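Report on one structure; see the data block that follows.
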Amino acid sequence: MSTSARARRDAIVTLATNVGLASVDELSERFGVTASTIRRDLATLQSQRKLTRTFGGAMAAAAHPEASLRQRLGEHSDAKRDIARRAAATVVPGASLFLDNGSTVAAFAHALPPNAELTVTTTSVGVITEMAEREDVRLVTLGGEYRSLSNGFVGPLTEAALEYLTFDAAYLGADAVSPERGVCEADLGQVRVKELIARRAETVYVLADSSKLAQSDFHAWSRLGGDWTLITDDGIAPELIERFAAAGVMVATA
């Protein structure tokens with residue numbers, strides 16, 4: 001491999017790391033080479049596990065490996081329990097809810113009030129298990145490709161099923177939350193599903209403890225659009241509350 005090709009590929013990795021997502025067209029224009037050359041670069045970098053290919057481009061490989069749901073269940077458990085209780089207070093009897101994947105949403109599912117006559121739709125195997133024995137809950141499950149790390153479903157089948165549904169409220173998990181960028185996940189498929197859910201819900205809540213705010217090891221972001229509410233713990237810094245407010249995001253603390 002020529003020195004120029006090596007330098008270009010190193011620069012592509014740096015750019016994708018700093019920007020997040022890089023498209024083939026943008027990279028082709030920036031480096032003055034053909035799109036086919038960029039695609040070969042991206043294929044090589046993916047084989048070296050330096051980048052992850054996306055449709056039409058690439059994103060940087062995660063700086064840290066994604067933790068499994070089992071690992072995350074034991075992290076910040078007190079904060080997650082408090083957030084779950086705060087979120088449960090927003091539930092209206094008889095409502096149609098969407099419950100996302102994630103350890104904090106799983107805690108919320110456990111905290112749902114009894115005898116509320118809810119319709120709960122979910123992609124989470126943990127939520128399915130939690131709701132399966134509740135006679136007051138009408139449970140709707142969305143299939144798709146199973147992700148063992150998140151213990152839930154993503155992909156085209158999940159996305160297609162969402163086109164048939166609307167929700168009074170959606171409760172989303174996240175690997176990270178930013179006032180400016182939105183909700184972060186390690187996987188682009190999860191990001192896409194969250195965007196579709198947000199479009200189908202009258203009200204959107206993001207449940208995330210304060211350790212997940214304004215930072216991330218991953219590069220796939222979902223801009224939820226419209227108004228949404230972050231429910232977090234009281235460890236959130238005052239300046240972050242101001243940043244979320246400036247971005248049009250309501251913040252509720254547990």
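What you are looking at is a predicted structure, and each value in this text was computed from that prediction instead of being measured.
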Same cluster for L118 and Y205 if Ile/Leu/Val/Met/Phe/Trp/Tyr side chains link at under 4.5 Å?
-> yes

Should side-chain heavy atoms under 4.5 Å link Ile, Leu, Val, Met, Phe, Trp and Tyr, which residues sit in the same cluster as V92?
-> none

Evaluate the side-chain proximity of I12 to I38: yes if any heavy-atom separation is below 4.5 Å, no if none is.
-> yes

Over all atoms of both residues, closest heavy-atom pair of A111 and A84 = CB-O, 4.0 Å

Taking the side chain as every heavy atom from C-beta outward, state whether L139 and I128 have any pair of such atoms under 4.5 Å apart.
-> yes

Distance in Å, L240 CG paired with F244 CZ, rounded so as to fall on 0.5 Å steps | 6.0 Å

Rounded to the nearest 0.5 Å, how far apart are CD of E159 and CD1 of I197?
-> 10.0 Å

Any side-chain heavy atom of V183 sitting closer than 4.5 Å to one from L172?
-> no

What's the shortest heavy-atom distance between L188 and A220, and which atoms?
-> CD2-CB, 3.5 Å

Can you tell me if T37 and R40 form a side-chain donor-acceptor pair at under 3.5 Å?
-> yes

Contact summary for A109 and V127, nearest pair of heavy atoms = CB-CG2, 4.2 Å

How many angstroms lie between CD in Q190 and CG in N101, if you round to the nearest 0.5 Å?
-> 6.0 Å

Any pair counted as salt bridge (charged side-chain N to carboxylate O under 4.0 Å, His left out), so long as it reaches residues 226-251, sequence neighbours left out | E180-R243

Please determine, by modelled atom types, if T34 and S36 share a side-chain donor-acceptor pair under 3.5 angstrom.
-> yes

Are the side chain of D175 and the backbone of A186 linked by a donor-acceptor contact shorter than 3.5 Å?
-> yes

Can you tell if the side chain of S222 reaches within under 4.5 Å of the side chain of E195, non-hydrogen atoms only?
-> yes

V193 reachable from V177 in the ILVMFWY side-chain graph, under 4.5 Å edges | yes

Would you name the heavy atoms of G143 and T158 that are closest together and state the gap between them?
-> O-OG1, 2.6 Å

Evaluate the side-chain proximity of F108 to V91: yes if any heavy-atom separation is below 4.5 Å, no if none is.
-> yes

Output yes when a side-chain donor or acceptor of D100 lies under 3.5 Å from a complementary backbone atom of Y171, and no otherwise.
-> no

Nearest heavy atoms of A35 and S28, plus distance in Å | N-OG, 3.6 Å

Determine whether V33 and R8 make a side-chain contact, defined as any pair of heavy atoms from C-beta on separated by less than 4.5 Å.
-> yes

Among T253, I83, V249, which one satisfies side chain to side chain contact (heavy atoms under 4.5 Å, CB included) with L230?
-> V249

If you group Ile, Leu, Val, Met, Phe, Trp and Tyr by side-chain heavy-atom gaps below 4.5 Å, do V105 and V137 land in one group?
-> yes

Joint cluster assignment, V24 & F31, ILVMFWY side-chain distance < 4.5 Å = yes

First locate atom CG of D41, then atom CG of D10, and finally report the distance between them rounded to the nearest 0.5 Å.
-> 10.5 Å

Counting N and O atoms only, with roles assigned by atom type, does the side chain of T232 sit under 3.5 Å from a partner on the main chain of A208, one being a donor and the other an acceptor?
-> yes

Donor-acceptor under 3.5 Å (R200 side chain, E163 main chain) | yes

With respect to E185, which candidate in K212, K194, R147 satisfies the salt bridge (charged side-chain N to carboxylate O under 4.0 Å, His left out) definition?
-> K194

Common cluster, F153/L149, ILVMFWY with side-chain heavy-atom separation under 4.5 Å | no

Evaluate the side-chain proximity of Y146 to N151: yes if any heavy-atom separation is below 4.5 Å, no if none is.
-> yes

Just wondering, are more than 12 heavy atoms of other shown residues or ligands nearer than 6.0 Å to CD in E145?
-> no

Can you name the closest pair of heavy atoms from A170 and A201 and give their distance?
-> CB-CB, 3.7 Å

Rounded to the nearest 0.5 Å, what's the gap from CD1 on I236 to CD1 on I241? Could you check?
-> 4.5 Å

Is there side-chain contact between V206 and L224, with at least one heavy-atom pair below 4.5 Å?
-> yes

Could you go step by step and tell me if L112 and L99 meet the side-chain contact (heavy atoms from CB on, under 4.5 Å) rule?
-> CA-CA 11 Å; L112 282 175; L99 271 61; 4.3 Å; yes

Say you draw a straight line from NZ of K80 to CZ of R85; how long is it, rounded to the nearest 0.5 Å?
-> 15.0 Å

